Amino acid sequence: MGMEAGGRLAFHLPAVKDSHRAELFSLLLRNEPLTRADLAALASLDQSTVTRTLKPLIDSGYVTESPAAPAGRGRPRRVLRVAVEKLCAVGIKIGPRVISGVLTDLGAKVVARRELELDHPGPEEALAAVAELADGLLAEVPGSRERTLGIGVGVSGHVDPPSGTCRFSPILGWHEVDIATPLSRASGLPVSVHNDVNTLAVAEYLFGAGREAEDFAVVTLGPGVGLGLVIGGRLYDGAEGLAGEFGHIPLLPNGPQCHCGRRGCLEALAGDDAISRAAGVPDVGTAADLARNGEGATKRTARRAFHSAGEWIGRGLAVLDNILAPELILLSGEGIAAHDLLSEGITSSLRDCAFEGARALERLRVDSADVNLWARGAACLAIQQSLG
């Protein structure tokens, strides 16, 4: 990820290495449309510098300028936009049962989507499926292969981004799996790999709710419980990519065993497996259906399972808020589909356990469930890495 202006997320266009130009492009991509005056103010530059710096981007077609309706009297203002259709990116999410992929434009708009169902695939099988999926996406949109920046891959667990290696994924059961090298060889494209929740944090910073904050956290619910952090406009992934293992905060001594092999982790208390186990059903979807539409004791048991999970999530969020107090905590992931069943437990526990619970609740926001969420996040990783 390119870093400019005190470590903020920034971009470097191919063959355009000027740092000021990269910063302006990053600001425009995140905040478009902007006038030259707006962009100058955001970048703390004068308009003549902005005009001079942007000229190569406009000449090469990466940035366009067009008139906008005037606000009241006067000449129409000219606004700048990124020509998002010029480039594409592939995003892939490797999950324990589904590998999903999207092709997006430079603004992360999804133009094609595919997925493959594989039950806990081994690394070789999974990477072959990823290569097939990426090839199918590029074949679906004529001319996209020549315009594609690269492939972004999101995977759970400890990922070492510089090497593109998954060091350890408890959910997948993977140890020391090189993802980038074989996939790049198979596709002929640059490949970037990161923890899947970190890819969502990048996506939120560029195109989502994170545009409103320089310090925010993305907490994902589902099979695992994950965390992505942006601090001071910079993705924080800690030493060797180990930050964000939120689901493995030990909350209950001698509690249920977690995928990681330890006991009492937040994930073991509030992940999908924990909910379905407490509800006495084979999967979380069945548990949610019983909690909403069931009858009698089975309905009450299912609702208690979600309420208990919500309480543990709220405790975890209280720990996060007490340590960092970010401007925004965004709840995301496929588990958000059951937010109506989790919310009471989350709210009560966060209110009671956070140092200033009422303020913590004000900073909490729930993302909308989106089938493209994870793969689109991975595409955003490809965008920033390939341009950075």
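Owing to the predicted nature of the structure, the values given are computational and were not obtained by experimental measurement.
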Pairs of donor and acceptor atoms involving the side chains of residues 121-134, under 3.5 Å and at least two apart or interchain, shall be tabulated with distances.
none

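A chain of hydrophobic side-chain contacts below 4.5 Å, direct or via other Ile, Leu, Val, Met, Phe, Trp or Tyr residues, connects Val366 to Ile313. Taking hydrophobic clusters as Ile, Leu, Val, Met, Phe, Trp and Tyr residues chained together by side-chain heavy-atom distances below 4.5 Å, Leu381 does not share a cluster with Tyr236. Under a hydrophobic clustering in which Ile, Leu, Val, Met, Phe, Trp and Tyr are joined whenever their side-chain heavy atoms come within less than 4.5 Å, directly or via other members, Leu200 and Leu221 fall into different clusters. Hydrophobic clustering, with ILVMFWY side chains joined whenever heavy atoms are under 4.5 angstrom apart, keeps Val281 apart from Phe306. When hydrophobic clusters are built by joining Ile, Leu, Val, Met, Phe, Trp and Tyr residues whose side-chain heavy atoms come closer than 4.5 Å, directly or via intermediates, Leu235 is not grouped with Phe246.
The shortest distance between side-chain heavy atoms of Phe25 and Val63 falls below 4.5 Å. Using a 4.5 Å cut-off on side-chain heavy atoms (C-beta onward), Leu54 and Leu39 make contact. You'll find the side chain of Arg363 stays beyond 4.5 Å of the side chain of Leu328, heavy atoms only. Put simply, the side chain of Ile58 does not reach to within 4.5 Å of the side chain of Thr64, judged on heavy atoms. Side-chain contact between His194 and Val155 is absent, with no heavy atoms from C-beta onward closer than 4.5 Å. Counting only heavy atoms from C-beta outward, the side chains of Leu45 and Leu24 approach each other to under 4.5 Å. Looking at heavy atoms from C-beta onward, His248 lies in side-chain contact with Glu267 at the 4.5 angstrom threshold. Glu32 places a side-chain heavy atom less than 4.5 Å from the side chain of Val84.
Ser332 and Thr220 share no side-chain donor-acceptor pair at under 3.5 Å.
Applying the side chain to side chain donor-acceptor pair (under 3.5 Å) rule to Thr51 yields the partners Arg36; only residues at least two apart in sequence or on another chain are considered. For Asn322, the side chain to side chain contact (heavy atoms under 4.5 Å, CB included) criterion is met by Ala354, Phe355, not counting sequence neighbours. Looking at residues two or more places apart in sequence or on another chain, you find a side chain to side chain donor-acceptor pair (under 3.5 Å) between Thr165 and Ser163. Shown here are the side chain to side chain donor-acceptor pair (under 3.5 Å) partners of Lys86, two or more places apart in sequence or in another chain: there are none. Taking Thr35 as the reference, Asp38 meet the side chain to side chain donor-acceptor pair (under 3.5 Å) condition, with sequence neighbours excluded. With sequence neighbours excluded, no residue forms a salt bridge (Lys or Arg N to Asp or Glu O under 4.0 Å) with Glu362.
The side-chain hydrogen bond (donor to acceptor under 3.5 Å, both in side chains) pairs that include a residue from residues 271-282 are His259-Asp273, where partners are two or more places apart or lie in different chains. For residues 88-113, every residue pair satisfying the side-chain hydrogen bond (donor to acceptor under 3.5 Å, both in side chains) rule, not counting sequence neighbours, is listed here: Lys93-Asp196, Arg113-Glu115, Arg113-Asn372. Within the structure, the side-chain hydrogen bond (donor to acceptor under 3.5 Å, both in side chains) test picks out the following pairs touching residues 170-180 (sequence neighbours left out): Arg167-Glu176, Asp178-Thr181. Contacts classified as side-chain hydrogen bond (donor to acceptor under 3.5 Å, both in side chains) and involving residues 306-318 (residues at least two apart or in different chains) are given here: His307-Glu311.
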Test salt bridge (Lys or Arg N to Asp or Glu O under 4.0 Å) applied to Glu65 and Arg81, step by step: CA-CA 6 Å; Glu65 189 173 26; Arg81 290 182 172 86; over 6 Å; no
Derivation of the side-chain contact (heavy atoms from CB on, under 4.5 Å) call for Glu204 and Asp367: CA-CA 10 Å; Glu204 291 295 345; Asp367 200 1; 3.2 Å; yes
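The two residues Gln47 and Ala37 have their closest heavy-atom pair at NE2-CB, 3.6 Å. In plain terms, the two heavy atoms of Ile383 and Leu149 that are nearest each other are CA-CD1, 4.2 Å. For the pair Ala379 and Ala89, the tightest heavy-atom approach, listed with the atom from each and the gap, is O-CB, 3.8 Å. Contact detail for Asp321 and Pro326: the closest heavy-atom pair is OD1-CD, 4.3 Å. Here the shortest heavy-atom pairing between Ser169 and Ser156 reads OG-OG, 2.8 Å. Here the shortest heavy-atom pairing between Leu57 and Ser60 reads O-OG, 3.2 Å.
Crowding of Asn254 atom CG: a count of heavy atoms from other residues, nucleotides or ligands under 6.0 Å not exceeding 12. Within 6.0 Å of atom CZ in Arg292, more than 12 heavy atoms from other residues, nucleotides or ligands are found, so the atom counts as buried in its surroundings. In Glu146, the CD atom is crowded: over 12 heavy atoms of neighbouring residues, nucleotides or ligands sit closer than 6.0 Å.
At least one donor-acceptor pair under 3.5 Å links the side chain of Ser348 to the backbone N or O of Gly345.
Cluster partners of Val110, using a side-chain heavy-atom cutoff of under 4.5 Å among ILVMFWY residues and allowing indirect links, are Val102.
To the nearest 0.5 Å, atom CG of residue Leu34 and atom CG of residue Leu28 are 5.5 Å apart. Ile275 contributes atom CD1, which lies 5.5 Å from atom CG of Leu342 (distance to the nearest 0.5 angstrom).
Both cation-pi conditions hold for Arg30 and Tyr205: the charged atom is under 6.0 angstrom from the six-membered ring centre and inside a 45 degree cone around its axis.
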